[in-house]
Amino acid sequence: MENYLWRIGGPQGSGIDRAALLFSRLCAKQGLYVLARREYHSNITGRHSYSDVRIGTQPVLSHSASPRMLVCLDAESVCRHVHNVLSTGYLIYDSHIADTHLSQLKLLDPLLLENLCKPLQKANLNCNIRELLNLAEQHGITPIAMDYETLFQRLRDEFAIPKTNAERSRNVIAVAISAALLGLTSEDVCHEVAEIFHNKPEAVALNSEAVQLAYDYVATLGINVLQPFANVEVARDDRLWVNGVQSVALGKLAAGLGIQTYYPISPATDESVFLESNYVVPMNDATHAGPVIIQTEDELAAITMACGAALTGARAATSTSGPGFSLMVEGLGWAGMTETPVVVSLYQRGGPATGLPTRTEQGDLQFVLHAGHGEFPRIVLASGDVEECFYDAFRAFNYAERYQLPVIHLLDKNLASTAQTLPPFVTDDLVIDRGEILHTADSSRHASRFLLSKNGISPRPLLEESRQIFWTSGVEHNETGHVSESPEVRRRMKEKREAKLVLAAKEIPLDEKIGVYGDRQASLMLISWGSNKGAILEAIDRMNQENRPIQAIMVKLLWPFPARELEMLVKSNKKLILLECNQTGQFSQLFRQELGCNINHRLLKYNGRPFVVEELVQSLTSIFDGTAEELMIHNNLFE
Amino acid sequence: MENYLWRIGGPQGSGIDRAALLFSRLCAKQGLYVLARREYHSNITGRHSYSDVRIGTQPVLSHSASPRMLVCLDAESVCRHVHNVLSTGYLIYDSHIADTHLSQLKLLDPLLLENLCKPLQKANLNCNIRELLNLAEQHGITPIAMDYETLFQRLRDEFAIPKTNAERSRNVIAVAISAALLGLTSEDVCHEVAEIFHNKPEAVALNSEAVQLAYDYVATLGINVLQPFANVEVARDDRLWVNGVQSVALGKLAAGLGIQTYYPISPATDESVFLESNYVVPMNDATHAGPVIIQTEDELAAITMACGAALTGARAATSTSGPGFSLMVEGLGWAGMTETPVVVSLYQRGGPATGLPTRTEQGDLQFVLHAGHGEFPRIVLASGDVEECFYDAFRAFNYAERYQLPVIHLLDKNLASTAQTLPPFVTDDLVIDRGEILHTADSSRHASRFLLSKNGISPRPLLEESRQIFWTSGVEHNETGHVSESPEVRRRMKEKREAKLVLAAKEIPLDEKIGVYGDRQASLMLISWGSNKGAILEAIDRMNQENRPIQAIMVKLLWPFPARELEMLVKSNKKLILLECNQTGQFSQLFRQELGCNINHRLLKYNGRPFVVEELVQSLTSIFDGTAEELMIHNNLFE
Amino acid sequence: MKPKEFETEIKNDWCAGCGDYGILRAMEKAFAELGLAPHQIAVFGGIGCSGKTPYYLEVNGIHTLHGRVLPFATGAKLANPTMTVIAVGGDGDGLGIGAGHFVNAGRRNLDLTYLLFNNEVYGLTKGQAAPTIRYGDKTKAMTTASLQSHINPVMLALTSGYTWIGRGYAYYLDQLTTLIIDAIRHKGSAFLEILQPCPVYNDLHDKHWYEYTAASGQSRLYALSDEGYEPSISVNADENMHQEKFAQCVQKAQEWGDRIPVGVFYQDLSAPEFTQQISQQIKSYRERPPAKQVRLEQNSKPMVNMQSLLRKFTL
Amino acid sequence: MKPKEFETEIKNDWCAGCGDYGILRAMEKAFAELGLAPHQIAVFGGIGCSGKTPYYLEVNGIHTLHGRVLPFATGAKLANPTMTVIAVGGDGDGLGIGAGHFVNAGRRNLDLTYLLFNNEVYGLTKGQAAPTIRYGDKTKAMTTASLQSHINPVMLALTSGYTWIGRGYAYYLDQLTTLIIDAIRHKGSAFLEILQPCPVYNDLHDKHWYEYTAASGQSRLYALSDEGYEPSISVNADENMHQEKFAQCVQKAQEWGDRIPVGVFYQDLSAPEFTQQISQQIKSYRERPPAKQVRLEQNSKPMVNMQSLLRKFTL
Ligand SMILES: Cc1ncc(C[n+]2csc(CCOP(=O)(O)OP(=O)(O)O)c2C)c(N)n1
Ligand SMILES: Cc1ncc(C[n+]2csc(CCOP(=O)(O)OP(=O)(O)O)c2C)c(N)n1
Ligand code: SF4
Ligand code: SF4
Ligand SMILES: [Mg+2]
Ligand SMILES: [Mg+2]
């Protein structure tokens, strides 16, 4: 079966999220693989939001541009997505919006409005939804009008509830209609409804009834029920349903997170809020423990409080996004200078300033590599997909403690709001590396916090725990941690700190540094990092199937940069393509700085949206065919 | 005449600064060229500080390692500097410290103490000042004991003042003794004393008498008066005496600085404090105006307040050092996003965290290039010497307003605390470029703050002044400055902003981008940036004289990086040497990222002290002779 | 101009029933009554739902950074003291991340007006506790009840030195309008706390809660002026009057629960305004404030007399 | 241990006559009297002359960042609540750049002690005005007199919610020692302002000024306790008592000039301490605080039961 994309759009606050969750779980429970993602505005209610649910019989790696079924809860959704629907696809809309004139939609961007109206005006048509849908129908799309009002009226009659309450089931109705059209049973839908609303019996009753009404309604439409999922091979083993923030949080819990500080910020907040709700964590010895999660007054406090906690031996982290990270950089330098292990989970979003709070971008790479005045070692790692988030979050603490430095775990909005069916995390192999901790047997009264050593590691005393007292300082210091301005001490301490990165580069295994995929013989090599992984893997798979072989490398460890490892792979006869989700080609800069070699093509996207597999295949094909420009910029005209 | 280095050292609070100023002015007034620099601890009183005054008959470009005359106001100064004195040099010390045992000097770093004692102990000598001086004498140095106490007693008798008051003239006495030994007249010294203490008549009287006593004392010593400055050709034209912070401040005043915000921080504070004292600035039309200087609560406020001011059309700046800059990066991004012209003067110091507050380093280059989450254009320029500081500070506002973006003017502690005799600033050629300002003639009600244009420049409305109202936003926005999350708007706005850098790269003249020095035919090319300029120019001059030709390029415009211009100069047959005052070779990284070409040698220094011409010549010679390593690290074993 | 004319065309994206609408209307009315021209007003917004206010007003609008609205506004006012400068923002913006600026801006008696939208939550980030939420309170978006004491904005403003301090309520349009006018008219730093229901996230203190008490069946909110409260320290007041007005403000600031005072809590007419003081130091300030120190035309020569300026550096 | 034993060997680089020496001695005495072991104490310092204090004490010493001493100290205390955690720093550190943390740390009644060295100047950066300098005051390093009102640390602490608030004077060793002991013993957030002469930069309020008034020929400083002042709100106090103690603290906080009160201004014994509240929520907190959640030995297995944790994510 080819992957099936279902999309639902509507105003924020209308339950898009929950609809997508319901539909995703419904499909996943059939044994199908699912990947869901979400786009939304920085707004609480009213602005447009949509969710994609992509379904397959093999693990779904990425999302795609073109839905086979589009569910529009309002007129704006039709405007934003109608052009993307596959020509054989379905578009379910509210029958009452047909006469809505596009100029009534005040939240449409002028540019989009213009794009929509131009063809209609040219054809001397009314600029309304009806005409848009007519056009779509001419292109082979099947519009399905849905009379929600009648259904709401039935619900009101049955449950004796006010209109607004009945209207709340709109999202569930939308899912039920889709499910009915796709040949899924109403029992399965009702089962998931019961799961999702499990602590609200009235909601379960109302929505279950809504499901029935929707199925009845579809039956009256006389449309052939599609059966894309019938008779396909499905998975029978245990699978998880997690999104990026949950995956990170679970990795942290596995690592023994002691304290997480945070200041609310999209799209990072959800991780901390999720952790907050997990204050009772089951232990292997049948006891319970739980991390302390502290909402601080700002991000300056978040990073410094985490550092303070780390001095006691607690595994300490903070989680943020660009603006918050901007406020953390002095604290980050302190961690570097005092060799304090601290983990920062950074969910990139569109910058600079407040930027695009809920849109994705890989715009912080160079900033993260150099954040903070002065020079200090740090480790930067980036996860490629939801599954990697878990293992990387776990590993981040090991790196931080082993090398006694700040670790930045690069994530982004794209990962945060992508949920996936995944195989259960393999936790048996996980080992906690605490690095060299100063043990209390030693009897002298002071610990030498910054003992000079060849590999740069000084055994780390912990406040109180190590019993020896010690000094530590963000001012340059000697071995005992007291201030020193001596030029020789300065030089040695700088060298000691930097040596830890040499050690890390030596010790960290290859598979934690890079991932190599696709055809090793291919003459095209695509190199990238972070959340582009899914789209890339799917694209090279398609390319390889089309006999256009490509190899792909995902760089996971961004600092210390695995230059030597890459050099071995990047043969001079290969054409290099670098792909990233930003404007200035930050990874390309880094690559060139570290490898000095030429890059043949750069694929960039910087409109706040992630790469999509279709456009990627197109670009790669043109590169393969030799018709491509050096620089290729991906867009989204609509959406 | 060869340049003459005079050095004075002593505890902070003992007037080292004033002594150096006095001596510098004294020499400068003779028509000599002078360069003075200062090293000091992050401490108010007690710790060691010293000043170098280098004197020549041609402009003095840099400082040097080895004094011909060393004046030690205390025992610690002997320890820190005795090894540097030229073997034909003089060392003036307080006769009462001879028996001080080194272990009594609690502020000596253990490492230094060890270094000093080892040879003494080996020779079975006492570890005291007397023996150190004996060793020095054996190496050809002339120690001159100075009995300050007797002089103080005379002053007390004469002026009927308490001991502590008399002791305050120690620094002036030290200068007078030096002057006497160097054959300068006591009248000239007294003249300068009068200038320096001009608003304190008692101080003038006391110190003038102290000068006389010192001259009398020297006469009794029976030492031949040296006459290094006798019969040399001297300058007769007007010259300035300014240091780096003053030069920057004067450049800002010339540019019409309207407001400067600051939060105290070494070594930047002096600039703002100097501006504060200049609140009455003379205008060409005989009126007066003056910038508003505001001490803010922190650096977050400093940058954002400056941005707020800039919206009105004021030329707005802030001045800081590493830790402060770390707190400004979100604000910087706001300026980038809203295209607000703001100037940040950044005096680099040893980092990270509190680091080495009063020591130099070029450790913030990469940070500055990437500071702030997300992507936005900025201009980064670095001054090479005190003279350039003036012109660059002036220019920074022109860049900021013409391209509507934040400009970072990179300076460092080395420049801040270097003072020089300079030719008067050429101000006739200065032109103020305000960029495109939206004029009020236009009658529509809103200004389109972010009008899309080819070159990226949108005419800039000013609050109130332009009469049209406008919106501006740190959130991504459309042309009117309202929020837009449209992918197309996002792309276009990012491209518009970035286009300004392309324009800047095209428009900025070559001599504002790079400076080319030395022998253009040479096969060695030394490339560097910032305050290394003086040492480099002097070094290549010496090398060229010794028939070891070298060419040097100082990169002044660091972003947009003048890659094309450099490519034209960097021929493949040249050996490239990159030199900078940091550990990680930040400029080398940038160079490689932008030019992709190989670097043959890197000269680095990262012990908090600037490059010194002698060691530079040594390294360059070894490169010339083919005996050098790829990486060469410069040290200071002693201070 | 009429209040309506201060409304922009663009669609507002606050939630239905949000108290912010009330505040917006009051601002429009206040601008109209003050007879100000749009270009003379600059409204600076923080980040949060509240921070979007500038987009909805037909005056100069600057959307700043989270927590920094006060320094931005301060910079503009210092650079061009003839403008009417207003800062608006949420309670998280002003008292969480922005608390340091809140306190230190109070120290300068600069003639600007700060409207703080107090909804006790972080609206735009989905309802976390703001620093104004009380010990033990738990809104629906919070995992657990607040373990911290709250910040009392009026008390903090008083402690920080604001010379005009008031409190209004988002849905009492006329009263709020009057307060905003009064705050803008005050020649010095004016702080107005506005109790702002957030129907989406604050289920504890909604419109109903504010406007109805079980005890009296009436609104909790009462006007200080109705009780004859006199907030003002007169121009030449003595130390006693200062202490008395300070103390009564402290007392009123503590009131909460069944009776919540609104109105002007404190006004110090005796304190000299900040730009007045600057002009005493920099004589040219009024005439040539920072905004007007450099000619607007292109390619002019520096106006500064460099010869004269460099004199003291010449050897 | 004796006070002397809390002294380190390294050379102190404060200026002769600096009030910081007095504070250092008092801390040593307090530690000795409390009978604490050095490794159980962690002193966090801000940046400034005052911030160097940790180097001079024979206990764990952490030199943090300018303005951030409170969050650092908070993190350590939360992670290991059995330690005695003390934060020290200057008035610029705490009330200028650190004011946001000052206010928000007050909201948490966490058991730590904050000693604020008030010398009215930025010592280490050469004498600029600190936020504590009064309107119109001009020390010798300032170009002009201060045009801003000052922050009153006791008032700000009260407004922010600290549950123990005191003021001491650097040179009154015994009194200061007692105050420090009391502050440390208090189970909750304790704030102690210490009037600290800076002989180098503060020529307005030096030792002589504090200890001598022309009027009385005596010290300006008087002990609150000498006047029978009772600062404490008892464990089960009613609302009235809260208001009364709050109001008397406000009143005493305003006193300045010829008579300056020192001693304990306010103590609220009724407020539950923050870590106590955490342990009510996280039952394992006392036994397994963040510092003790992961075994110290190398290469252990995760202690978390992942199977059980992942259950709710399993389809
Ligand atoms: C530095 C930074 N941290 C965090 C955020 C995320 N953020 C946006 S709005 C907001 C809080 C909004 O709360 P409030 O100020 O009370 O305004 P309201 O939405 O309630 O009106 C936060 C934390 C940000 N934009 N910048
Ligand atoms: C972010 C940052 N800004 C500025 C500084 C410079 N700085 C060092 S100490 C200090 C102020 C010291 O004043 P205070 O806190 O009152 O301490 P004191 O020296 O008076 O004891 C400042 C501004 C810094 N270290 N970090
Ligand atoms: S979330 Fe609350 S504050 Fe924000 S717009 Fe909605 S109702 Fe208003
Ligand atoms: S400058 Fe002042 S506060 Fe700092 S050490 Fe010297 S006397 Fe003490
Ligand atoms: Mg709020
Ligand atoms: Mg201070």
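Here is the naming used below: chain letters follow the sequence lines, and residue numbers restart at 1 for every chain.
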Problem set entry | Within residues 281-297 of chain B or reaching into it, pairs that qualify as salt bridge (Lys or Arg N to Asp or Glu O under 4.0 Å) - sequence neighbours excluded | B:Asp285-C:Arg288, B:Glu297-C:Arg108
For this session: Examine whether an atom of C:Ile278 lies under 4.5 Å from a heavy atom of chain B, and if so say whether it belongs to the side chain, the backbone or both; otherwise answer neither.
Result: side chain
Exercise. Which region of C:Lys283, side chain (C-beta onward) or backbone (N, CA, C, O), has a non-hydrogen atom less than 4.5 Å from a non-hydrogen atom of chain B, or is it both or neither?
Worked result: neither
Exercise. Picking from B:Asp429, B:Asn398, B:Leu300, B:Leu422, which has the most non-hydrogen pairs under 4.5 angstrom with chain C?
Worked result: B:Leu300
For this session: Below 4.5 Å from any heavy atom of chain C, which atoms of B:Ala255 appear? Answer side chain, backbone, both or neither.
Result: backbone
Seminar exercise, completed: Okay, C:Ala73 and chain B: the region with an atom under 4.5 Å from a heavy atom over there is neither
Exercise. What do the steps show when you test B:Asp238 against C:Leu315 for side chain to side chain contact (heavy atoms under 4.5 Å, CB included), and what is the final call?
Worked result: CA-CA 7 Å; B:Asp238 264 4; C:Leu315 282 164; over 6 Å; no
Exercise. Do the two ring centres, one from C:Phe313 and one from B:Phe390, sit under 6.0 Å apart?
Worked result: no
Exercise. Hey, which of C:Gln293, C:Gln307, C:Glu287 has the most heavy atom pairs under 4.5 Å with chain B?
Worked result: C:Gln293
Exercise. Between B:Thr338, B:Asp433, B:Ile259, which residue shows the highest count of heavy-atom pairs closer than 4.5 Å to chain C?
Worked result: B:Asp433
Problem set entry | Validation row: B:Thr304, C:Leu70 side chains within 4.5 angstrom (heavy atoms) | no
Problem set entry | Contact origin within B:Ile294 toward chain C - heavy atom pairs under 4.5 Å | side chain
For this session: State, yes or no, whether a side-chain contact exists between C:Val59 and B:Phe470 at a heavy-atom distance under 4.5 Å.
Result: no
For this session: For the residue pair C:Thr314 and B:Pro424, establish whether any side-chain heavy-atom pair is separated by less than 4.5 Å.
Result: no
Exercise. Given a strict heavy-atom distance threshold of 4.5 Å, which part of C:Ile10 is in contact with chain B: side chain, backbone, both, or neither?
Worked result: side chain
Exercise. So how far is it from B:Thr480 OG1 to C:Tyr55 OH, rounded to the nearest 0.5 Å?
Worked result: 10.0 Å
For this session: Report yes if some heavy atom in the side chain of B:Leu250 is under 4.5 Å from a heavy atom in the side chain of C:Leu310; otherwise report no.
Result: yes
Exercise. Going through the distances and angles, do C:Leu65 and B:Glu330 end up as a side chain to side chain contact (heavy atoms under 4.5 Å, CB included)?
Worked result: CA-CA 8 Å; C:Leu65 288 170; B:Glu330 195 195 13; 3.7 Å; yes
Exercise. What part of B:Ile437 lies closer than 4.5 angstrom to a heavy atom of chain C: side chain, backbone, both or neither?
Worked result: side chain
For this session: Against chain C, label B:His482 side chain, backbone, both or neither, depending on which of its atoms sit under 4.5 Å from a heavy atom there.
Result: both
For this session: For atom CZ of B:Arg434, decide whether the heavy atoms of other residues, nucleotides or ligands shown that lie under 6.0 angstrom number more than 12.
Result: yes
Exercise. Any side-chain heavy-atom pair from B:Ile469 and C:Ile41 closer than 4.5 angstrom?
Worked result: no
Exercise. Are side-chain heavy atoms of C:His39 and B:Glu465 found at a separation under 4.5 Å?
Worked result: no
Exercise. Quick one: what part of B:Arg449 sits under 4.5 Å from any heavy atom of chain C, side chain, backbone, both or neither?
Worked result: neither
Exercise. Do C:Asn305 and B:Met283 have side chains that get closer than 4.5 Å, going by heavy atoms?
Worked result: no
Exercise. Is the C:Phe72 ring parallel, tilted or perpendicular to the B:Trp334 ring (thresholds 30°, 60°)?
Worked result: tilted
For this session: Would you please go through residues 87-103 of chain C and name the residues with a non-hydrogen atom below 4.5 Å from one of chain B, in numerical order?
Result: C:Gly100, C:His101
Seminar exercise, completed: chain B shares the most heavy-atom pairs under 4.5 Å, among C:Asn104, C:Ile62, C:Asn60, with C:Asn60
For this session: List the atom of B:Gly290, the atom of C:Ser284, and the distance in Å for their closest heavy-atom pair.
Result: N-OG, 3.7 Å
For this session: Look at B:Val431, B:Ile432, B:Leu463 and state which one has the largest set of heavy-atom pairs under 4.5 Å with chain C.
Result: B:Ile432
For this session: Determine whether more than 12 heavy atoms belonging to other residues, nucleotides or ligands lie under 6.0 Å from atom NZ of C:Lys301.
Result: yes
For this session: Using non-hydrogen atoms and a 4.5 Å limit, figure out which bit of B:Val292 sits close to chain C: side chain, backbone, both or neither.
Result: both
Seminar exercise, completed: So, the part of B:Gln246 with a heavy atom under 4.5 Å from chain C: the answer is side chain
Exercise. Where does C:Thr82 contact chain B at under 4.5 Å (heavy atoms): side chain, backbone, both or neither?
Worked result: both
Problem set entry | Region of C:Val294 in contact with chain B, defined by heavy-atom distances below 4.5 Å | both
Problem set entry | Part of B:Asp298 within contact of chain C (heavy atom distance under 4.5 Å) | side chain
For this session: Pick whichever of B:Ala301, B:Gly256, B:Ala310, B:Gly331 has the most heavy-atom pairs under 4.5 Å with chain C.
Result: B:Ala301
Problem set entry | Shortest non-hydrogen contact between B:Thr312 and C:Ala76, atoms and distance | CG2-O, 3.6 Å
For this session: Examine whether an atom of C:Glu297 lies under 4.5 Å from a heavy atom of chain B, and if so say whether it belongs to the side chain, the backbone or both; otherwise answer neither.
Result: backbone
Exercise. Among B:Val281, B:Leu257, B:Thr427, B:Leu430, which residue meets the side chain to side chain contact (heavy atoms under 4.5 Å, CB included) test with C:Val304?
Worked result: B:Val281
Problem set entry | Side chain proximity check, C:Lys77 to B:Met305, heavy atoms < 4.5 angstrom | no
Problem set entry | Straight-line distance of B:Trp471 CH2 to C:His63 NE2, nearest 0.5 Å | 14.0 Å
Exercise. Can you say whether B:Asn278 sits under 4.5 Å from chain C via the side chain, the backbone, both, or neither, judging by heavy atoms?
Worked result: side chain
Exercise. Which atom pair, heavy atoms only, marks the closest approach of B:Ala254 to C:Pro302?
Worked result: O-CB, 3.3 Å
For this session: Could you check which of B:Gly474, B:Ala289, B:Gly313 has the highest count of heavy-atom pairs closer than 4.5 Å to chain C?
Result: B:Ala289
